[in-house]
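The structure appears right after this line, and notes come after that.
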Number of protein chains: 2
Amino acid sequence: MTMTTAEENYLKAIYHLSEGGTKSVSTNDIAAEMKTKPASVSDMLRKLGDKEVIEYRKYYGVNITEEGKKRALQTIRKHRLWEVFLVDKLQFAWDEVHEVAEELEHIQSPLLIQRLDAYLNYPKFDPHGDPIPDEFGDVRARPRVALNEMEIDQTGQIVAVKDSSAAFLRYLDKVGAYIGARIKVLDKVEFDGSLEILVDQKKTLFMSKDVAANILVIQS
Amino acid sequence: MTMTTAEENYLKAIYHLSEGGTKSVSTNDIAAEMKTKPASVSDMLRKLGDKEVIEYRKYYGVNITEEGKKRALQTIRKHRLWEVFLVDKLQFAWDEVHEVAEELEHIQSPLLIQRLDAYLNYPKFDPHGDPIPDEFGDVRARPRVALNEMEIDQTGQIVAVKDSSAAFLRYLDKVGAYIGARIKVLDKVEFDGSLEILVDQKKTLFMSKDVAANILVIQS
DNA sequence: TTATGAATTTAGACATGCCTAAAATAAAGA
DNA sequence: TCTTTATTTTAGGCATGTCTAAATTCATAA
C-alpha cells in the first residue's frame with residue numbers, strides 16, 4: 001500500500017498532534033496544522049481511515065493506529081536524515097533546512113535512505129536536536145537535564161516542564177520560554193543560582209534557580 | 001512561472017526527442033517516450049504551448065523554444081548532479097541511479113543544487129558519461145575518439161558512427177554494439193590492429209581495425 | 001481528385017486534492 | 001429538555017493529469 005505525498009503529510013501532522021496526549025485529534029486542529037480548511041481534512045480522514053493508518057469516527061476526531069505510527073515515523077526519519085545531510089554536508093544553517101527536507105522526505109527509495117544513513121554515520125539526532133527514529137521506528141530519547149543544572153555557554157532546547165500548573169505555564173508563555181524554544185545559558189549567579197538565558201538567539205531573560213529547576217532541556 | 005513535475009517530465013522528453021534533428025517532435029513519439037496515450041499528450045502540449053516553452057501547431061508536432069530548452073537543461077542538470085551524488089557518495093552502481101534521480105530532479109531549491117554542485121566538486125559528466133549543463137544551460141561536449149585509438153583496459157561509451165550506411169548499422173546491431181553501449185577494450189592485436197571488446201560488461205566481441213575506426217566513443 | 005488510413009485532437013469520465021456554502025451533529029447552557 | 005453555538009461533514013465545483021471512444025485532420029495512393 002503506497003501513500004501519496006499529501007497523505008504522508010497529513011499522517012505526519014496527525015502523529016505530531018497525537019504526541020504526548022492520548023486524546024483524539026480534532027479536524028480543526030489538523031486543518032490549522034496543515035493550513036487547509038476543515039472540509040479538506042474531512043475528505044482526507046476518510047481516505048486515511050480506509051487505509052487503516054488512522055481510526056476515524058465521524059465527529060469524534062481521529063487516533064493514529066500502530067501501522068500509521070510506523071509510517072509516520074518512517075517519514076520523520078527521512079526528514080531528519082535529510083536535515084543532517086543538508087547541515088553536515090551542504091553547509092546549510094539549521095534554520096534553513098526545513099522546507100527542503102519537507103520535499104526530500106517524500107522520495108521513495110529504501111536503499112537511498114539506508115545508504116544516506118550510513119553515509120551520515122548513523123546519526124541519532126537532527127540539527128534541531130530531535131531524535132531520528134531507526135528503521136523500525138524506535139527512537140532514542142535524548143537525556144533531559146533541568147535548566148538550572150546547565151553550565152554557562154551551553155545550549156539546548158526546552159522540551160518539557162516538571163510543574164505544569166497553569167500559573168507556571170502562563171509565566172513561561174509571558175517571558176517567551178515556550179516548549180521548543182532554543183536557549184543558551186549566558187550567565188549563572190553564584191550567590192543564588194539564578195540564570196541569564198538567551199532565547200531563540202534574540203531575547204535575554206533572567207530566572208530564579210527555582211524556576212529553572214522546573215524546566216527540562218535537551219542539550220545540543 | 002513554475003512548472004509541475006509532470007510538465008517538467010514532458011518538457012525533458014521533448015528536449016531529448018529534439019536532440020540532433022531540427023524536425024518537430026510528434027505526439028505519438030512523445031506518448032511512447034512518456035508511456036502515456038496520445039490523447040494525454042495533446043492535453044499537455046496545449047498547456048506547455050500556453051506557457052511558451054514549446055511552439056505547438058495542432059497536427060504538426062512541436063518544437064521546443066529557447067526558454068523551454070533552458071528549463072529542460074536545468075532539469076537535466078539536476079538529474080545528472082544527483083546521479084553523481086548517488087554514485088560517488090552513496091555507492092550506488094551506475095545502472096541503479098536513474099529511477100531515484102528521476103524523483104530527486106524535481107526538488108525545488110536553487111540553493112540546494114548550487115551547494116550540491118560545489119560539494120561534488122563541480123563535476124562535468126555524470127556516471128553514464130553524459131555532460132552536466134552548467135547553471136546557464138551550457139554543456140561541455142566530451143571529446144570523442146575513434147574506438148581503434150583506445151588502449152587496452154580503457155572504457156567508454158559508443159556515441160556515434162562515422163559511416164552510417166544501413167549495412168554498417170545492421171552489422172553493429174547484429175553484434176550488439178548499439179549507440180549508448182558501454183565498452184571496454186580487452187585486447188588489441190599488434191599485427192592487424194584488430195580489437196577484442198567487452199560490451200555492457202557481459203558480451204565480448206572481435207572487430208577489425210577498419211570497423212573500430214568507424215565507431216566514435218567518449219571515454220570514461 | 002478523391003478515398004482511405006494513420007495520426008491527432010476533442011469529448012466525456014475518473015481520481016486526487018483543494019475550495020466555498022450549506023447541512024448535520026455534538027456539546028454546553030438556560 | 002430545549003436551544004444555541006461551535007465543530008464537522010456533505011454537496012458541488014475547480015484544477016491537474018490520466019484514460020477510452022469518437023471525431024477530425026493530414027497525407028498518401030489509386
Side-chain angles (χ1 to χ4, degrees), chain A residues 1-15 17-18 21 23-64 68 71-72 75 102-103 105-108, chain B residues 1-15 17-18 21 23-64 68 71-72 75 102-103 105-108:
Chain A
M1 190 255 291
T2 58
M3 296 181 76
T4 65
T5 292
E7 286 171 342
E8 283 185 354
N9 284 334
Y10 270 95
L11 193 58
K12 197 159 53 99
I14 293 166
Y15 175 84
L17 291 169
S18 304
K23 296 188 295 277
S24 352
V25 177
S26 78
T27 299
N28 259 0
D29 288 352
I30 298 168
E33 179 81 11
M34 295 294 297
K35 297 184 170 120
T36 59
K37 303 292 160 172
S40 308
V41 174
S42 286
D43 277 354
M44 184 54 89
L45 295 185
R46 192 183 33 71
K47 285 180 218 163
L48 293 177
D50 289 349
K51 297 199 168 181
E52 300 187 355
V53 291
I54 60 170
E55 213 184 318
Y56 176 39
R57 282 182 54 220
K58 274 196 249 183
Y59 294 104
Y60 290 93
V62 297
N63 292 95
I64 195 161
R71 302 249 178 179
T75 306
E102 204 66 20
E103 291 190 56
E105 74 187 9
H106 300 293
I107 304 287
Q108 303 286 355
Chain B
M1 192 253 292
T2 59
M3 296 180 75
T4 65
T5 293
E7 286 171 341
E8 284 185 353
N9 284 335
Y10 271 96
L11 192 59
K12 196 158 54 97
I14 293 167
Y15 176 84
L17 291 169
S18 305
K23 296 187 296 276
S24 346
V25 177
S26 79
T27 300
N28 259 1
D29 288 351
I30 298 168
E33 178 81 13
M34 295 293 298
K35 297 185 169 116
T36 59
K37 304 291 160 173
S40 310
V41 175
S42 286
D43 277 354
M44 183 55 87
L45 295 186
R46 192 183 34 69
K47 285 180 219 163
L48 294 177
D50 290 348
K51 297 200 169 182
E52 302 188 352
V53 291
I54 60 170
E55 213 183 320
Y56 176 40
R57 282 182 56 218
K58 274 197 250 183
Y59 295 103
Y60 289 92
V62 297
N63 291 96
I64 195 161
R71 302 251 178 178
T75 306
E102 205 66 21
E103 292 191 56
E105 74 186 10
H106 299 294
I107 303 288
Q108 304 287 353

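Everything numeric in this text was worked out from a predicted model, so none of it was measured. Residue numbering restarts at 1 for every chain, and letters A, B, ... go by the order of the sequence lines.
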Please tabulate, one pair per line, each protein N/O and nucleotide N/O from nucleotides 2-7 of chain D that are separated by under 3.5 Å, including the distance.
none

Comparing nearest nucleotides in DNA chain C, the 5'-proximal residue of the pair A/M34, B/R46 is B/R46
Are the side chain of B/K12 and the backbone N or O of B/R71 linked by a donor-acceptor pair below 3.5 Å? no
With the side chain defined as heavy atoms from C-beta on, B/S40 is closest, among D/dT18, D/dG17, C/dC19, to D/dT18
Closest of C/dT10, D/dT18, D/dT16 to the B/Y10 side chain is D/dT18
Determine: side-chain N/O of A/Y60 to OP1/OP2 of D/dT9, distance under 4.0 Å, yes or no. no
Phosphate OP1/OP2 of C/dT25: any A/K58 side-chain N/O under 4.0 Å: no
* Asked: Are any of B/T36's side-chain N or O atoms less than 4.0 Å away from OP1 or OP2 of D/dT18?
  -> no
Between CE of A/M44 and C1' of C/dT16 the distance, given in whole Å, is 8 Å
note: A/D43, atom CG; C/dA15, atom P; distance rounded to Å ~ 14 Å
Here the gap from B/T75 atom OG1 to B/Y15 atom OH, rounded to the nearest 0.5 Å, amounts to 11.5 Å
Minimal heavy-atom distance between A/S24 and A/G61, with the atoms involved, is CB-C, 4.0 Å
Here the distance between atom P of D/dT16 and atom CE of B/M3, to the nearest Å, is 13 Å
When every non-hydrogen atom of A/G68 is compared with those of A/L11, the smallest separation belongs to O-CD2, 3.5 Å
- prompt: Checking all strands, does B/A6 fall into the base, sugar-phosphate, or nothing category for heavy-atom contacts under 4.0 angstrom?
  reply: sugar-phosphate
Atom CZ of A/R57 and atom C1' of C/dT25 are separated, to the nearest Å, by 13 Å
Whole-Å distance, A/L45 CG to C/dC18 P, equals 12 Å
Rounding to 0.5 Å, atoms CG (B/N9) and CD (B/E102) come to a distance of 5.5 Å
From OH of B/Y56 across to P of D/dT25 the rounded distance in Å is 13 Å
To the nearest angstrom, the CD-C1' distance between B/E8 and D/dT16 comes to 15 Å
Review point. Would you say a side-chain N or O of A/S42 is under 4.0 Å from OP1 or OP2 of D/dT9?
Key: yes
So CG of B/L17 and NZ of B/K23: to nearest 0.5 Å the spacing works out to 11.5 Å
- If only side-chain N and O atoms of B/T4 are considered, is one of them under 4.0 Å from the OP1 or OP2 phosphate oxygen of D/dT16? no
note: A/K35, atom NZ; C/dC18, atom P; distance rounded to Å ~ 14 Å
In this structure, CD of A/E7 is separated from OG1 of A/T2 (nearest 0.5 Å) by 8.0 Å
